[in-house]
Amino acid sequence: MLLPEPRIYRDVSLEEAILKRRSIREYSEEPLRLEDLSQILWAAQGITDPSRMFRAAPSAGATYPLEVYLVVKEVVDLEPGVYRYIPANHSLQVIKEGDYSYHLYRACLNQRWVLDAKANIVITAVYERTTSVYGERGIRYVHMEAGHAGQSIYLQSTALGIGTVAIGAFYDEYVEEVVGCEPGERALYVFPLGYIKE
Ligand SMILES: Cc1cc2nc3c(=O)[nH]c(=O)nc-3n(C[C@H](O)[C@H](O)[C@H](O)COP(=O)(O)O)c2cc1C
């Protein structure tokens with residue numbers, strides 16, 4: 001399904017988003033709006049130069065090793081399920097139907113905010129895309145790139161009044177099973193999302 005078009009103007013300055021960015025682990029009960037999720041996915045990996053298919057986050061040699069998944073619990077107009085973000089046409093592809101947030105919470109060492117979130121982003125990497133060009137050094141490039149995408153998720157979420165926290169502590173294989181990773185694809189990051197409590 002195609003996602004709502006991202007907006008490129010908002011009344012929050014970049015400086016304000018940097019200043020206010022915090023790791024937030026408590027969320028309101030309000031379901032997430034699809035347009036807000038769409039905006040965060042765009043900030044993470046959206047196409048910002050269609051002529052060259054370059055993305056929002058920099059990538060060593062434009063090799064784009066990252067994949068972005070969404071584990072949906074409660075989003076308006078989006079069924080619970082696991083989805084893959086397709087940057088090329090700013091859309092979501094259904095991977096699995098049903099609410100997998102409990103599985104993800106268990107995979108993330110019972111970190112409560114994963115279960116409380118209305119959706120979680122999972123970033124994975126296909127290292128081969130980058131190491132086939134840069135060899136062993138490509139491994140560090142992939143991790144740097146995940147950091148770039150992660151910071152964009154933080155800043156865009158802040159600008160939308162959405163709380164998130166970078167999660168690196170999890171059982172890799174279990175998270176990879178939840179999102180249905182292909183062989184050679186590894187989980188790197190989880191970002192729970194929910195509106196910040198008033
Ligand atoms: C690579 C990385 C892994 C992290 N893993 C976790 C995690 O598993 N669980 C968690 O609650 N916070 C995690 N954090 C968030 C840090 O605890 C948080 O960034 C730090 O306490 C500073 O707070 P701030 O983000 O509000 O500035 C992680 C942050 C990074 C950068």
Side-chain angles (χ1 to χ4, degrees), residues 10 12-30 32 36-37 39-41 43-45 55-60 63-74 82 85 99-127 129-131 136-179 181 185-198:
R10 196 171 298 277
V12 182
S13 69
L14 175 61
E15 293 80 1
E16 198 179 341
I18 292 171
L19 178 71
K20 293 200 171 145
R21 183 211 63 80
R22 278 277 74 81
S23 292
I24 310 278
R25 300 177 180 83
E26 275 188 52
Y27 314 112
S28 87
E29 281 307 311
E30 198 186 336
L32 284 171
D36 287 345
L37 262 188
Q39 193 70 44
I40 294 170
L41 293 168
Q45 279 293 280
R55 301 185 185 179
S59 177
T63 50
Y64 299 114
L66 305 182
E67 295 289 336
V68 178
Y69 295 86
L70 204 55
V71 178
V72 170
K73 183 178 180 184
E74 240 189 305
V82 178
Y85 176 58
D99 183 0
Y100 283 84
S101 52
Y102 182 76
H103 297 270
L104 192 64
Y105 153 74
R106 298 283 293 161
C108 294
L109 317 175
N110 296 358
Q111 296 190 63
R112 186 85 216 166
W113 28 102
V114 173
L115 187 60
D116 292 346
K118 300 301 175 189
N120 282 267
I121 286 177
V122 177
I123 296 183
T124 68
V126 181
Y127 285 89
R129 291 180 197 157
T130 307
T131 55
E136 281 290 293
R137 200 170 183 81
I139 294 169
R140 75 159 76 177
Y141 291 168
V142 170
H143 297 160
M144 290 167 175
E145 187 169 330
H148 292 303
Q151 183 71 354
S152 291
I153 291 171
Y154 261 116
L155 295 179
Q156 180 70 80
S157 299
T158 306
L160 293 166
I162 287 175
T164 191
V165 48
I167 292 195
F170 49 74
Y171 296 113
D172 297 348
E173 296 78 10
Y174 198 0
V175 171
E176 287 156 13
E177 192 187 311
V178 168
V179 298
C181 281
E185 182 181 359
R186 306 303 311 271
L188 288 182
Y189 247 161
V190 176
F191 288 89
L193 301 169
Y195 292 108
I196 295 169
K197 272 189 173 170
E198 292 294 308

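Start at 1 and go down the list; that is how both ligands and their atoms are numbered. All of these numbers come straight from a predicted model, not from anything done at the bench.
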Which of the numbered atoms in ligand 1 are under 4.0 angstrom from any heavy atom belonging to [X]?
{"X": "W113", "answer": "11 (O)"}
{"X": "A169", "answer": "8 (O)"}
{"X": "R21", "answer": "24 (P), 25 (O), 27 (O)"}
{"X": "R22", "answer": "24 (P), 26 (O), 27 (O)"}

Give the residue, atom name and distance (to 0.1 Å) of the protein heavy atom nearest [atom].
{"atom": "atom 3 (C) of ligand 1", "answer": "G168 N, 3.7 Å"}
{"atom": "atom 4 (C) of ligand 1", "answer": "A166 O, 3.2 Å"}
{"atom": "atom 31 (C) of ligand 1", "answer": "Y189 OH, 3.9 Å"}
{"atom": "atom 19 (O) of ligand 1", "answer": "S23 OG, 3.3 Å"}

R21 CZ: over 12 foreign heavy atoms closer than 6.0 Å: yes
Is atom CZ of R10 surrounded by more than 12 heavy atoms (other residues, nucleotides or ligands) closer than 6.0 Å? yes
Is ligand 1 under 4.0 Å from a heavy atom in the side chain of F170, in the backbone, in both, or in neither? neither
Under a 4.0 Å heavy-atom limit, does I167 contact ligand 1 with its side chain, its backbone, both, or neither? both
State, without any angle test, whether Y154 and S23 hold a side-chain donor-acceptor pair at a distance under 3.5 Å.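 Yes.
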Any cation-pi pair here, R55 with Y64, using under 6.0 Å and within 45°?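 Ring-cation test returns yes.
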Heavy-atom check, side chain of Y171 versus side chain of L109, under 4.5 Å: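 Yes, at least one pair of side-chain atoms sits under 4.5 Å.
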Side chain to side chain contact (heavy atoms under 4.5 Å, CB included) partners of S28, counting only residues at least two apart: E30, Y195, K197
Can you find a protein heavy atom closer to atom 15 (C) of ligand 1 than 4.0 Å? yes
Look at atom 22 (C) of ligand 1 and say whether a protein heavy atom is found at less than 4.0 angstrom from it. no
What do you reckon, does V165 have a nitrogen or oxygen under 3.5 Å from a nitrogen or oxygen of ligand 1?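 N/O-N/O distance under 3.5 Å: no.
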Using a plain distance cutoff, I'd like to know if R25 has any nitrogen or oxygen under 3.5 Å from a nitrogen or oxygen of ligand 1. yes
Given Q151, Q111, R112, H143, identify the one with the heavy atom nearest to atom 10 (C) of ligand 1.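 Among Q151, Q111, R112, H143, the closest heavy atom to atom 10 (C) of ligand 1 comes from Q111.
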Under a 4.0 Å threshold between the charged nitrogen and the carboxylate oxygen, would E67 count as salt-bridged to R186?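 Here R186 does not pair with E67 in a salt bridge, since their nearest N and O are not under 4.0 Å apart.
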Does the plane of the ring in Y102 sit parallel, tilted or perpendicular to the ring in Y105? Use 30° and 60° as the thresholds. tilted
is_close_aromatic(H143, Y189), centroid dist under 6.0 Å: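 H143 vs Y189: aromatic centres not under 6.0 Å.
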Kindly compute the distance separating OG (S157) from CD1 (I196), expressed to the nearest 0.5 Å.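 Rounded to the nearest 0.5 Å, the OG-CD1 separation comes to 8.5 Å.
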